[in-house]
Structures are given as structure tokens and as C-alpha cells.
Amino acid sequence: MTATQIRQAFLDFFVSKGHVIVPSAPIVVKNDPTLMFTNAGMNQFKNIFLGEAPAKAPRVADTQRCLRVSGKHNDLEEVGIDTYHHTMFEMLGNWSFGDYFKKDAIAWSWELLTEVYKLDKNRLYVTYFEGDEKEGLEKDTETYELWKQYVDESHILPGNKKDNFWEMGETGPCGPCSEIHFDSRPDNERAEVDGATLVNADHDQVIEIWNNVFMQFNRIKDGSLHSLPAKHVDTGMGFERLVRVLQGKTSNYDTDVFQPMIQFIAEKSGKKYNSAAKPGDADWADAVAMRVLADHIRAISFAISDGQLPASNKAGYVIRRILRRAVRYSYQTLGFKEPFFNELVPLLAEQFKGVFDELWNQKDFVQKVILEEETAFLRTLEKGIQVFEQYKSDITGEQAFLLSDTYGFPIDLTELMARERGLIVDLKGYEAALQEQKSRSRAASAIDTGDWIMVKDEDEAVEFTGYDETETIAHIIKYRKVTAKGKEQYQIVLDKTPFYAESGGQVGDKGELVFPNGDIVEVTDTKKENGLVVHFTDTLPSTPDDALTAIVDADRRNNTNSNHSATHLLHAAMKQVLGTHVNQKGSLVNADYLRFDFSHFAKVTEDELAQIEAIVNQKVRENIPLKEERMVAYQEAISMGVTALFGEKYGEYVRVITFDDAFSKELCGGTHVKATGQIGYFKIITESAVAAGVRRIEAITGIAAENYINEQTKLVQQVKELLKNPKDISKSIETLLEENNRLKKEIEKSVLEKSSGLKDELAKKAENINGINFIAQRVELPNADAVKNLAYNLKDIVSDLFLVLAAEINGKPNITVMIAENLVKDKGLHAGNIVKELAKEVKGGGGGQPFYATAGGSDAGGIDKALEKAKTFVA
Ligand code: ATP
Ligand code: MG
């Protein structure tokens, strides 16, 4: 079976068991402060498990792209070294939301593996949770009994909390689980050592392929477990591992999922891939490097196509670090001194066509972003090598840390380079510096989130009323305290709310919660967390049970609406003027302005900007009414030709915002004007580059645009007045500039004339001391260039010259020393050293070459003393 067939067989099997196939969520998580990247198939269903949102279907299945490079699940350091952990992998999963439980889940996983995929039963091992006294959790005998129907007891093994109790993160849904492991060792080895002893023992031929989690609990902040409202099944099977066992391989990298990529890398590097290489073998390092590249390109590409560009903080930094890890291996081990990593993108995009089309649709963009990062990092690496080469003695911990932190040198590279030069690296010092940095950044980002305090029992999803009104009567469902950077805040969830929670680039609403007893709780921001709308406040009401009126700051909201609708018009106008390749790459919409990032490979010209602006303003004047369709089936919307964004997770039903059927149709959850005329006027303020292939437009609307135009008009008026109201301002400024240029040149000329006049005068003042023609004089010249000129001119006409010139330039002393070259040689005189001494008299400093040097100072009163002192160097 090919990988493609294996994936399809999984999905088909669960369809036959009544499951609905859903699309993978994006790999980049939005709206969940506890998670950066999707690390399991269940993430997108978290709020269903928690009872915060209803399930759309009781049974679903999918293949989810996952990333395990940060947080609780982080496999990054294993990747490449072992053969079955990846950064990005596909997790095949089936779910029951309060529908079937352990019995069916176990029966079906066995049926699929042994009857559909026909895996050898003797090589399969299953596990169950042995219980945990400390947590008060019982042994999962139910699972044990269920397995006994299919599996010999010698292949059913107990497992501890670490392996058999699954948790997504520090808090959240969790429960006991049952894993399925596969032993792919050759028969002779199997005869010698019982496979059961190798399960969960990090043996690379006895690996976990599938985990069936029985979600029953929610772990809250204080560590305690609470029963979930219903029991669920959540399973996850590593696709690449499944393919490996079905294709009879001993490494995931030997399957058709990775081989094309590995072979491409091998060919381009002129090296061979040896899958069997062991640590210590000559080709081990190459094998690891090829695996790292073949793996990391997947994580990077999918993160970028789902909207996470490499950056210097948070999720973007995680992506940048993975990319750098790959580039290091490519540079250091495989010998690619020029960017190469990005060349893997087309192959990968091709491979995932029809599975995750997001990548195929953006492959040029993704490749360009990687190329840019790679180029920049290669430059940094080279700089790091230069820094390293300046180290002449053993490398201190701080130096090693600097190399890793600033120049991306892994510690083993530093050690290797040190060894080549017979130097030692202070590893302990390095570790200490690393730990210190870690604890610093932990302290800076520590957020203490308290548990929810329930006010009202409510299972229904929260209702958002803000599309229709800005004031709603509501109740508090729950609230909690959050402390970050020493500041205490509260988060409040209402049963109904007109407050728009930050998303899709639009900022969260501000406003007030007004209580019957007169309490007013100010809402400072509104954010989404999974499905919840969370209101941020600095205080709590004294009567949280009372009905309240939630009132949005309507002015702020109206301005935001204008900017949001204008963003849609802008997007459509850009597609018309620049081409359909223009895709939104990020946006910010607030009450003051809008910011729109988009894929486009060249600067947008003035002319194009003017056209775009004109189209938008035309649409504003047409006063097109908003057409808002709240519940359109996703597929129907797509076939209507709406603009959907990459990396956005859309549900089964979507909201479509249309301004003129033939002009702008977008999937959007934001708030908008009732008709485009409300935008008033649209004005682009800047156009700039933000990253490789990504440009940014900033624009304003309505009152902000009016203010802007007024200010510009006022400015022109002021200029006009300064110029004494000419008919043509630009012409008048041009004349002024020309005049100014001419005058500058004239001044330069007269200064030159003056300094050559001075030359002859000074030459006459030369005093012969010990065979040296000594001149030390104060001169009146307007700038340093003129003094320099004079010194060089004197050198041409006076032999054996020792010259000191002092001038006051814009009130500051300036000293110049010029010494004939023969004097420098024969008498050991050094202008640089001498000028330093003289500068002390004018409270300054300077330096230069042996024959010419200058100094500045702050006390012009010392000039005469300096000139007197000059003589002491020749007398
Ligand atoms: P392991 O102990 O092997 O790291 P896990 O216990 O972390 O696995 P789960 O969190 O239960 O794994 O994830 C479900 C399945 O996803 C696993 O059975 C495995 O097949 C697969 N899987 C987990 N992590 C990875 C990874 N880094 N790369 C590829 N597949 C993985
Ligand atoms: Mg793991």
C-alpha cells in the first residue's frame, strides 16, 4: 500500500463506522493562550470536550497536521537522531463526542489494524492504565477486559501515568489511554528478547503507533481533576509510523513519505543516504542531517502556509529556530554553503497536493520566505565563525553562549571548532549562562491564570449579539483572576454579549458592564479563548449574579467598522489592480487605522496606489449596502467565489460579507458598516515591505482621513505663506533650492581662495628649529575641510615641515598636526600621539596617522596653550 492509500483506507474505514470526515485545523493555533501550535488531533475539539461548545457531529475522523516543537510535547531534539519522531507529522484520528466509548473504540482499532491493514497480531502489544494512588485514579480494568477478547494476555501490558494518562497541557481535558505498539524486529531477535519488555522502553523497533484516549476529566489550575460533562473518545495514530510498519520498514524515513525528499537531498549534496548508519559510523552525521532537512522542511512550510512567519519572538521564534537548526545541518554537515533548504518546498508541495492544498497554493511564497531567512542566517553563521576565530585561548561559558544565542552556533559546533584548534570549551559556564537566560525569559512571560469561578451553570454556547446591537442585557457565567507582570486583571464570560472579541485582525471592543446597583465595570479589552468571548476588566462587580447591561463603546466600534469594511474594499481593489496572486497575509483593524499585509513581489508603484485608492473611493461613493449572510454552508460559499484566507479555521457554516456581488465577497466574522458611504473617505498613508514577498499598506478612513487631509492642507498653506504666496509652490521651492546650491558653491570657492592666500603667509612664518621647519598658528577658517586643505598645501611647499594649525569652528576648537614623512621616519615623530597631547589643552581628544592627525575639543580658550606646547616636541 502506498502512503496515500493507507491514509484513505483509514478515513474510509471510519466513514463506514458512521464518522464524518472533517478538515485538518491549521497547524498554527489562534485564540488559545495555552498552545502555540496544534500538537494533537484533539486540539480543535477542546471546547467540545470542555462542554463549552456543542459537537457538530457525534462521530468525526480526520488527518490532522501536528507540530511537536514546544510546550508539553516537544520532540525537536530527537528529530533526525531517531527514526520515528518528527517535528511535523500527520495524526490520524477518530472521535466520539459523548457517543461510543471504550468498547467500540477498542474493537474498531483492532479491526482496522488486523483486518483492513492486516498487521501481524503477534507483533502488536496493547496497554492500559494501571491506576495512580496519588491522584486517586483507579486501574482501568474495563479496558483490560475489553482487550482480552482480541489479544493474548501476554500482549496486554499495564502502563503508568506518564504513558497511559494523556494530557494536552498543564490544564485541560485528559483521561486514561490505551496505546497500541508494534514490534518490527527480525524473528531471531524476537525469539531472544520478549517484545513485551521493550514496550515504552525507547526501543526504535518497538514503537507506539496508536493511542486511544478516553477523555473523562478536566485538569484545573490547582492540579485537581474534575469529571467532564460527558465521556469522549479521542484517538491519534501517527501516520508516518503506520506507513512504516505497513511497508515493512525499520525507519519512517525509508517509506514513500520521506524517500523522495531524502533522495533529492542526497543527490544535491553528492552524498549517499545510509539508513543503517549507527552513531560512530563515518556516514552517521550525514544520515542525521538528511533526516533533519527532510523533516524540518515540513514543519517550516506548513507553519508559514498557515500564517506563521519566522520572527524574533513567540511562535515566530520557534519557527525561526527550527529553520536555523536545518540550515546549520545543511551548511555544517552536508556542505551547502549557499541557500539550499528552500529548494525542498516545491517537492513537498507536490507531495501534499490533494491532502493539504494550502501549501500547493502558496508554494512560491513559502519558498521565498525560507530563502530570505536562510540567506540571512548563513550570513550570521559566517560572522559567528569570524568571531570565533578571534578567540585565541579556551572558550569561556559566556563566549560559547554568545555564539549560540547571537550567531546560532549549537554547542557541539563550538566544541568541534575548538577541538580543531586545541581549545577547550567551558561547558559548565555555558550551561549556567543558558539556564540564566531561560529563567529570565520565564519570569518575563509568567502568567498566573486562576481557575474559573462559576456564577451560573450554562452549557449553551455564548451568544454574540454584536452584529445587531451594541447594548445587551446579560448575565455573568463565570470569571477568573489573571496575574501577569505583577498586574491583576479579571476575565469575565457572559451568556450573551455585544462585545466583539479580537479576531481576524479586528481589535476587541471596549466598553462597560453596568449593574442595577450602580456598579460599572469597565471592559478594557475583549479576546477569544477557544469558543469563549472573554471580557478583560480591572475590577469585579459586587453583585456578580445580577443581570447587567453590556454596553460597547459605540464610537470606537463605528470607526473600527469603517476600517474593517474598507479593508475588504481594498483587498478587492488590489486584486483588480495588482492581480489575483494578492492574498491577505495579516491585517490589523482598529478605530484609528487599518493595516493590510499581502503577498506581492514588488513595490506597489505610486500609480498603482492611486488606482487602488480611486477604486475604493468610487465604491464608497456608490454607498453599497452591506449584504451579510450568517449561515452559509462552507462549500456553498466557496463555490460562490468568496475570498477565504489561508491558515484560517472555518467551521461548517460561515459568514459571508458582500459589498456588491461583483466586487467583494469575503468570509469574515468581523463587524462592518451598514453601507459603504459610512466610510466617508479612504486614504492610503504608507506602502512598505514587511518580509520576503510580503508588503504592507496602511490606510485611514472617515474622521481620521478628514483630519489627515486638513493637516496636509494646513501644511501646504503654511509653506505658501513662508514663500510669500507664490502662484506655483513647487516652482518657487525649486528656484530656492537652486539659489541655495549656487550660494553654497560660491562660499566653498571663496574659502578655498582664502586658504591658499593663507598658505603663502604661513609658509613665511616657518621657524627653523634643529633642522625642522616649525609652524604653529591659529587660523580663521569656517570648516575642517578648509583646514585640512591648507595643511596639505603647506606640506607641498615647505620641506621638513612640522605644522600645527588651530582653528575655532562653530565655537569648538580644532587642532591639526601635519609632519613631513622624512621627519616621521628619521626623528620618530608621530602626529597622532602629538595631537592627543595637544588636545588635552582644549579638553578634547583625537588621533590619526603618524604624518597627519586631528583633534577636537570643548574649550577654545586653551588654543594658545596648545600652540605653545607644540614647540616642546621639536625643541
Ligand atoms: P511517543 O511516546 O512515541 O513520543 P506519544 O506518547 O508522545 O508518543 P501521543 O501523544 O499519544 O504520542 O500521540 C499519538 C500518536 O501520534 C502516537 O501514537 C504516535 O504514533 C504519533 N506521534 C506522537 N509524537 C510523534 C512525533 N513526534 N512524530 C511522529 N509521530 C508521533
Ligand atoms: Mg511523545
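A cation-pi arrangement is found for Lys585 relative to Phe365, the charged atom lying closer than 6.0 Å to the ring centre and inside a 45° cone about the ring normal. Under a cutoff of 6.0 Å and an axis angle of 45°, Arg291 and Phe258 do not form a cation-pi pair.
The ring of Tyr100 has its center closer than 6.0 angstrom to the ring center of His19. If you look at His86 and Tyr253, their ring centroids are closer than 6.0 Å. The aromatic ring centres of Trp166 and Phe214 sit 6.0 Å or more apart.
Looking at Arg185 and Asp183, a side-chain N of the basic residue comes within less than 4.0 Å of a carboxylate O on the acidic one, giving a salt bridge. With respect to the salt-bridge test (charged N to carboxylate O, under 4.0 angstrom), the residues Asp286 and Lys271 qualify. One finds a salt bridge joining Glu111 and Lys17 here, because a Lys/Arg side-chain nitrogen approaches an Asp/Glu carboxylate oxygen to under 4.0 Å. Under a 4.0 Å N-O distance rule, the pair Lys139/Glu130 does not qualify as a salt bridge. A salt bridge does not link Lys121 with Asp152: every distance from a Lys NZ or Arg NE/NH1/NH2 to an Asp or Glu carboxylate oxygen is 4.0 Å or more. By the 4.0 Å N-to-carboxylate-O rule, Asp187 lies close enough to Arg190 to be salt-bridged with it. Looking at Lys72 and Glu167, no side-chain N of the basic residue comes within less than 4.0 Å of a carboxylate O on the acidic one, giving no salt bridge. In summary, Lys272 and Glu267 do not engage in a salt bridge, as defined by a charged side-chain N under 4.0 Å from a carboxylate O.
Of the candidates Gln351, Gln247, Lys249, Asp256 forms a side chain to side chain donor-acceptor pair (under 3.5 Å) with just one, namely Gln247. Residue His155 forms a ring pair (Phe, Tyr, Trp, His ring centres under 6.0 Å) with just one option from Tyr128, Trp147, Tyr150, Tyr125, and that option is Tyr125.
Val151 is listed as a side-chain neighbour of Trp110, based on a closest heavy-atom distance under 4.5 Å. For the pair Phe89/Arg68, a side-chain contact is recorded, criterion being any heavy-atom separation below 4.5 Å from C-beta on. Arg123 has its side chain within reach of Phe182: a pair of non-hydrogen atoms, C-beta onward, lies under 4.5 Å apart. Taking 4.5 Å as the limit, some side-chain heavy atom of Gln259 sits within range of a side-chain heavy atom of Asp254. Contact annotation: the side chain of Arg298 approaches that of Val257 to within less than 4.5 Å [non-hydrogen atoms, C-beta and beyond]. Proximity of Thr38 to Pro26: side-chain heavy atoms (C-beta onward) are nowhere separated by under 4.5 Å.
Minimum interatomic distance between Asp62 and Gln44 (heavy atoms only, all atoms of both residues): OD2-NE2, 3.3 Å. The two residues Phe409 and Met417 come nearest to each other via the heavy atoms CE2-SD, 3.7 Å. Closest non-hydrogen pair, Phe49 versus Leu228, comes out as O-CD2, 3.5 Å.
For the residue pair Asp99 / Ser96, no side-chain donor-acceptor distance below 3.5 Å is found, with atom types taken as modelled. No hydrogens or angles considered: a donor-acceptor pair under 3.5 Å links the side chains of Glu153 and Tyr144. A donor-acceptor contact closer than 3.5 angstrom is absent between the side chains of Asn342 and Glu372.
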Only pairs under 3.5 Å count here: list side-chain donor-acceptor contacts from residues 325-332, not counting sequence neighbours, and write none if there are none.
residue	atom	partner	partner atom	Å
Arg325	NH1	Val79	O	3.4
Arg325	NH1	His296	NE2	3.0

Query - ring pair (Phe, Tyr, Trp, His ring centres under 6.0 Å) evaluation trace for Trp108 with Phe13 - result: CA-CA 9 Å; Trp108 291 338; Phe13 177 82; 7.4 Å; no
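Residues forming a salt bridge (charged side-chain N to carboxylate O under 4.0 Å, His left out) with Glu358 (at least two apart in sequence, or on another chain): Arg65.
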